[in-house]
Structures are given as C-alpha cells and as structure tokens.
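Notes follow the structure.
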2 protein chains.
Amino acid sequence: MIVLAALEAAPAHGYAIIEEIRRRSGGAFDLPEGTVYPVLHRLETSQLLSSHWEKSPIGRRRRVYALTKHGSASLAARRTSWVQFSSAIEALLAEPKLCRT
Amino acid sequence: MIVLAALEAAPAHGYAIIEEIRRRSGGAFDLPEGTVYPVLHRLETSQLLSSHWEKSPIGRRRRVYALTKHGSASLAARRTSWVQFSSAIEALLAEPKLCRT
DNA sequence: TCCATTGCCTAGCAATACTAGGTATGGAAG
DNA sequence: CTTCCATACCTAGTATTGCTAGGCAATGGA
C-alpha cells in the first residue's frame, strides 16, 4: 500500500520511491532496497503497476513504475482496509481506559 | 500488541482472549487459535505474560494469562510505536490529496 | 585511480499468520 | 447411552514476506 501510495501522485523509479517514502513519512519508513524492489516486482506481476525503462538526464538507466487502473483500484481498497484496520486497533487499545473513568 | 491489550483490563485464558478480541474489534479481528496460542507462548517466553492453570466453574482446565510488569511496559511502548506508525501511514496516504487542492 | 552516488537486482534467513489437524471434558439432545 | 456441540488446549507444517548481505554497472569528482 505504501508503494502504491507513493506512486499515486506521479510515476517514479525504485530509488526515487524509496526516497519519497522516507521523506513523506518523516523518516519513519526507511525501506531498504531489498524490501522495495521485490515489492515492485510483485506488484507488477499482479498487474497493479506497469513499468518501462528510461534514461535519466545524465544517461543512467531507470525502471519507471506507474499505477495501472487495477493499481488505483487496489490502492483505494487498501485505503478502506487500512481505515477499518486502524479503527479496530484503536478500539482494542482504547477500551481499558474507558473502564477506568 | 493486540493480545497484550486484551489482557490489560484483566487476566484471561486463551479462549476468552480470542472472544474478547473479536468482540472489542467488532469482528474485525477474528483470530484463529493457531495464531493466538503460539503468540501467548512467545509472550510468556519473553516474560511479558505469566500464566497458571485454573479450573473453570464447571471443572475445565484453563491456562490463565496475566500481564507482567514487563508486559505492561511493552504494551505502553507498542502503543507509542503504533501511534508513530499509523501517523506515518496517514502521512503517506494523505499527501497526494494535498496536491490536488 | 579510487570512491561515492545513483540505480538495479537476488539468494537466503528469520519471523510469523494461518491451515489443518489432534486431544480432552462437560452437557445437551436423540 | 451415544452422539454431538461447545469449551479449551496444543502443534507441525506451509506460505508469505521483510530484511540482510551481498553483487553488478555507470557516472562524476577527489
């Protein structure tokens, strides 16, 4: 979900995605390459991302990923799941405090 | 963290913990026994829980778990981690929307 | 020439959620 | 009395996956 969200605003290549996630999360998520690249491959296999090779301004090869239609839909679904999940966690964490009122 | 939180209010045995989690989460977390029992064993090995055998009113044996001091401290730490984690997720999920203002 | 940075990749380990079984008791239903 | 359901515990094994720890390659600066 994090990777899909990072690609929501604009397509990007792996290295940039990692930096974007680190930046947006205020450093909370500093995902190593060994985590992100396999995720990108899995997401592409699942048709949630599409990719093509590009050359950077200085000539380095890059694989640029973009959300597919399925990817956008999946992200929307994951967002909903996240809200339900985090609400449930909040409920579980909050309840004991109610008893101590 | 969920299991620790379920035991915060009062000690309980495995089966009751599962039902309590299901109830508190409004059904969102319906954890199978194969998930919860190993967790309880791990938490006890890590000294976050203590246990003893009891007899239920009708004579069935039960293993009742309680938070230890370490367990309470760990739960507090996990709560803090959760807040940071979920804040970071929110930041990652929210940002693109800001751009479309 | 050497190293840091950018940029991609994967093999393998470790953790763990869950499936799919097993055991045992008590009470209710037939 | 036997069968079934609910309670109550357990674990072996599988599948997933995050991460460590490497490797490869090109560029540009020291």
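- Contacts of B:Arg60 classified as side-chain hydrogen bond (donor to acceptor under 3.5 Å, both in side chains), with partners at least two apart in sequence or in another chain: none.
- With sequence neighbours excluded, the residues that form a side chain to side chain contact (heavy atoms under 4.5 Å, CB included) with A:Ile21 are A:Ile2, A:Val3, A:Ala6, A:Ile17, A:Phe29, A:Leu31, B:Leu92.
- If you take CZ of B:Arg62 and C1' of C:dT25, they are 13 Å apart, rounded to a whole angstrom.
- Between C:dG7, D:dA8, C:dC18, one nucleotide has an atom nearer to the side chain of B:Leu31 than all others, and that is C:dC18.
- Contacts between residues 32-42 of chain A and DNA chain C, counted as heavy-atom distances below 4.0 Å, involve A:Glu33, A:Gly34, A:Tyr37, A:Pro38, A:His41.
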At a cut-off of 3.5 Å, list every protein nitrogen or oxygen paired with a nitrogen or oxygen from nucleotides 27-29 of chain D, distance to 0.1 Å.
{"from": "D:dT27", "atom 1": "O2", "to": "A:Arg60", "atom 2": "NH2", "distance (Å)": "3.4"}

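- Checked against side chain to side chain contact (heavy atoms under 4.5 Å, CB included), B:Ala66 has the following partners two or more places apart in sequence or in another chain: B:Pro11, B:Ser50.
- Atom C1' of nucleotide C:dT16 and atom CG of B:Leu43 are separated by 13 Å, given to the nearest angstrom.
- The hydrophobic cluster containing A:Leu43 also contains A:Val36, counting ILVMFWY residues as joined when their side-chain heavy atoms lie under 4.5 angstrom apart, directly or transitively.
- Mapping A:Gly14 and B:Arg61 onto DNA chain C by nearest heavy atom places A:Gly14 at the nucleotide closer to the 5' end.
- Taking atom CZ on B:Phe29 and atom P on C:dA17, their separation rounds to 11 Å, with Å as the unit.
- Regarding A:Ile18, its CD1 atom lies at a distance of 13 Å from the C1' atom of D:dG18, rounded to whole Å.
- The NE2-P distance, from B:His13 to D:dA6, rounds to 16 Å in whole Å.
- With sequence neighbours excluded, the residues that form a side chain to side chain contact (heavy atoms under 4.5 Å, CB included) with B:Gln84 are B:Thr80.
- Residues B:Glu33 and B:Tyr15 have side chains in contact (heavy-atom distance under 4.5 Å, counting atoms from C-beta outward).
- Atom CG in A:Leu49 sits about 13 Å away from atom P in C:dC8, given to the nearest Å.
- Rounded to an integer number of Å, the gap from CD1 of B:Ile17 to P of D:dT7 is 16 Å.
- Atom-to-atom, CZ of A:Arg63 to P of D:dA25 comes out at 17 Å; the value is rounded to the nearest Å.
- Taking the side chain as every heavy atom from C-beta outward, A:Leu40 and A:Leu49 approach each other to under 4.5 Å.
- For B:Arg63 (side chain) and B:Gly14 (main-chain N/O), no donor-acceptor pair under 3.5 Å exists by modelled atom type.
- The pair A:Arg23-A:Glu19 does not count as a salt bridge, with every side-chain nitrogen at least 4.0 angstrom from each carboxylate oxygen.
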